[in-house]
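Worksheet: the structure to be examined is printed underneath.
Atom set for the values below is all heavy atoms of this structure, side chains included, hydrogens, waters and symmetry mates excluded. The first residue of the sequence shown is numbered 1, and numbering continues consecutively from there.
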Amino acid sequence: MSAPAPSPLEIVAPAPLPRQEEVLTEAALAFLAELHARFTPRRDELLARRLERRAEIARTSTLDFPAETAAVRADDSWRVAPAPEALNDRRVEITGPTDRKMTINALNSGARVWLADFEDASAPTWENVVTGQINLIDAYERRIDFTDAASGKSYALRDAADLATVVVRPRGWHLAERHLVAADGSEIPGALVDFGLYFFHNARRLLERGLGPYFYLPKTESYLEARLWNDVFVFAQDHLGIEQGTIRATVLIETITAAYEMEEILYELRDHASGLNAGRWDYLFSIVKNFRDGGARFVLPDRNAVTMTAPFMRAYTELLVRTCHKRGAHAIGGMAAFIPSRRDPEVNKVALEKVRADKDREARDGFDGSWVAHPDLVPVCRESFDAVLGERPNQKDRLREDVSVAPGDLIAIDSLDARPTYDGLVNAVQVGLRYIEAWLRGSGAVAIFNLMEDAATAEISRSQIWQWINAGVEFEHDGRTVAVTRELVRELAAAELAAIRAEAGEKAYESGEWQQAHDLLLTVSLDADYADFLTLPAYERLRG
């Protein structure tokens, strides 16, 4: 076999990273270049289509199940491919970034699946992108360990039979990787970089271990985007000489437009589909983004008031379960983001009761598994699903034919008996500012007020601020009516910045990115033009 031609990709980075040559081989870069040449033009067309669809939503303030795909929905004969053994029982899934410590802890957590995240839980510094790939390879080769410099505690992998199955989440289609540039000067989509490097280096390695290259697909907005992913999978498997259908993908239904195309998304990926997941925060962010100028009936209340029992959220999750089970796919529930406190048992008691109730509801509703953000929540989630599943790997036989969801049910935001509050606005400013600062330093999974937050949190926080200002929201505070204005948000952000400075101390404050985070939060919250994704302007300011 002849050696691959030199890669047409240029690595644009200030200095080589340790061991990057193990991942950024000429053959791997040539594979990325081929993916880029074949699929980025279609990616660009689909991103343009998103803008056209958003303009149509702004004009009509409505959505419907697509007429052009009615035959796909009406055809009861098709199913997705049967689940591989490693993905048949998914009752507990843990999520987190691919840093070295998290890799070990997630694999050891007792969860059935680890969502190894290059997306919302990982700020895409070049170091995070490359070392995350190295850590996964090292984990498969069992040459990974970690010692915490502060505590001296050491971490190592358990026996292979006790480890979680890895499902990698690449970045969404909208994000570029500025450190890999093609000959024409174009940047490679981050989605193709994360998928391509992982698949190229690990597909055969995983097959030798009785596993496979499994993926979570984020931010999907239409069945045409799922079709693009399917074509990427077909090409990648052919290119490496791997049997078609080896790749399996679970799609996050975390955009309001995708909620109307769940069956079509599974159909497009049917030879590679594993299931669908209900992604709560990004879903709410998508509702605000798409219906932000739709008037008072689309104004969301405080984010913590929008529970999964809200009528429009029930419609979304029950439709997801019915759709998945009708087509033989797994239905995976939403995130339990609580981070147990080492100092406040009362906080833990109240929060764990809420987590348990949430997971009990998901299991009763027919979900086959659910997400947690912390290893301490794995037993809680497992108990809820064990109580319903017993020894069965899933409950895909529960077809939920009792569920009937009309198009308007998914956007009946005003069916929720809750309104924006002053405390909700303060929380949005606090969480948005604290998260963005950590992200700008390269950390995408951040514990804030006993919750594990990721980029979706910052998106819903800044989106709600934008929506409340532009919808003219008012609420009662200290015995008077207060309007949500740009001036009020500036005051709250300045107060929070001052409080953080006092809390952290001058040295720690100056070593952070607090002023830059403050300025960016105000930009994406107060500008008249709504930024489609916070991470796009944030990426221009990202360290590393």
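- A search for side-chain hydrogen bond (donor to acceptor under 3.5 Å, both in side chains) contacts involving R38 returns E34, not counting sequence neighbours.
- Considering every non-hydrogen atom in both V372 and C381, the closest pair reads CG1-CB, 3.8 Å.
- Salt bridge annotation for R43-E225: absent, with no cationic side-chain nitrogen under 4.0 angstrom from a carboxylate oxygen.
- When the ring pair (Phe, Tyr, Trp, His ring centres under 6.0 Å) test is applied to H174, the partners found at least two apart in sequence or on another chain are F533.
- Applying the salt bridge (Lys or Arg N to Asp or Glu O under 4.0 Å) criterion to R541, with sequence neighbours excluded, gives no partner residue.
- Aromatic ring centres of W371 and Y216: separated by under 6.0 Å.
- Take F215 and apply the ring pair (Phe, Tyr, Trp, His ring centres under 6.0 Å) test, not counting sequence neighbours, and it matches F195, Y198.
- Every residue was checked against the salt bridge (Lys or Arg N to Asp or Glu O under 4.0 Å) condition with D145, not counting sequence neighbours, and none meets it.
- By the side-chain hydrogen bond (donor to acceptor under 3.5 Å, both in side chains) test, E453 is found to be paired with R303, T457, residues two or more places apart in sequence or in another chain being considered.
- Checked against side-chain hydrogen bond (donor to acceptor under 3.5 Å, both in side chains), Y267 has no partners two or more places apart in sequence or in another chain.
- With sequence neighbours left out, F31 forms a ring pair (Phe, Tyr, Trp, His ring centres under 6.0 Å) with F200, H239.
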side-chain contact (heavy atoms from CB on, under 4.5 Å) between F199 and L240: does it pass, once the steps are laid out? CA-CA 9 Å; F199 181 78; L240 291 193; 3.5 Å; yes
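- Other residues, nucleotides and ligands contribute at most 12 non-hydrogen atoms within 6.0 Å of the CD atom of E85.
- Between K359 and E362, at least one side-chain N (NZ, or NE/NH1/NH2) sits under 4.0 Å from a carboxylate O, which counts as a salt bridge.
- Shown here are the ring pair (Phe, Tyr, Trp, His ring centres under 6.0 Å) partners of W114, two or more places apart in sequence or in another chain: there are none.
- Ionic pairing of R209 and E141 is present here: one or more N-O contacts between side-chain nitrogen and carboxylate oxygen are shorter than 4.0 angstrom.
- Ring centroids of F233 and W229 are separated by less than 6.0 Å, placing the two rings close together.
- Residues satisfying the side-chain hydrogen bond (donor to acceptor under 3.5 Å, both in side chains) test with N230, not counting sequence neighbours, are H272.
- Look at R204 and E208 and you find no salt bridge, because none of the NZ, NE, NH1 or NH2 atoms lies under 4.0 Å from a carboxylate O.
- Contact check on D89 versus R91 returns a salt bridge, with a Lys/Arg side-chain nitrogen under 4.0 Å from an Asp/Glu carboxylate oxygen.
- Checked for salt-bridge contact, K219 and E119 meet the test: a charged N lies under 4.0 Å from a carboxylate O.
- For D162, the salt bridge (Lys or Arg N to Asp or Glu O under 4.0 Å) criterion is met by no residue, not counting sequence neighbours.
- Residues forming a salt bridge (Lys or Arg N to Asp or Glu O under 4.0 Å) with K101 (at least two apart in sequence, or on another chain): D148.
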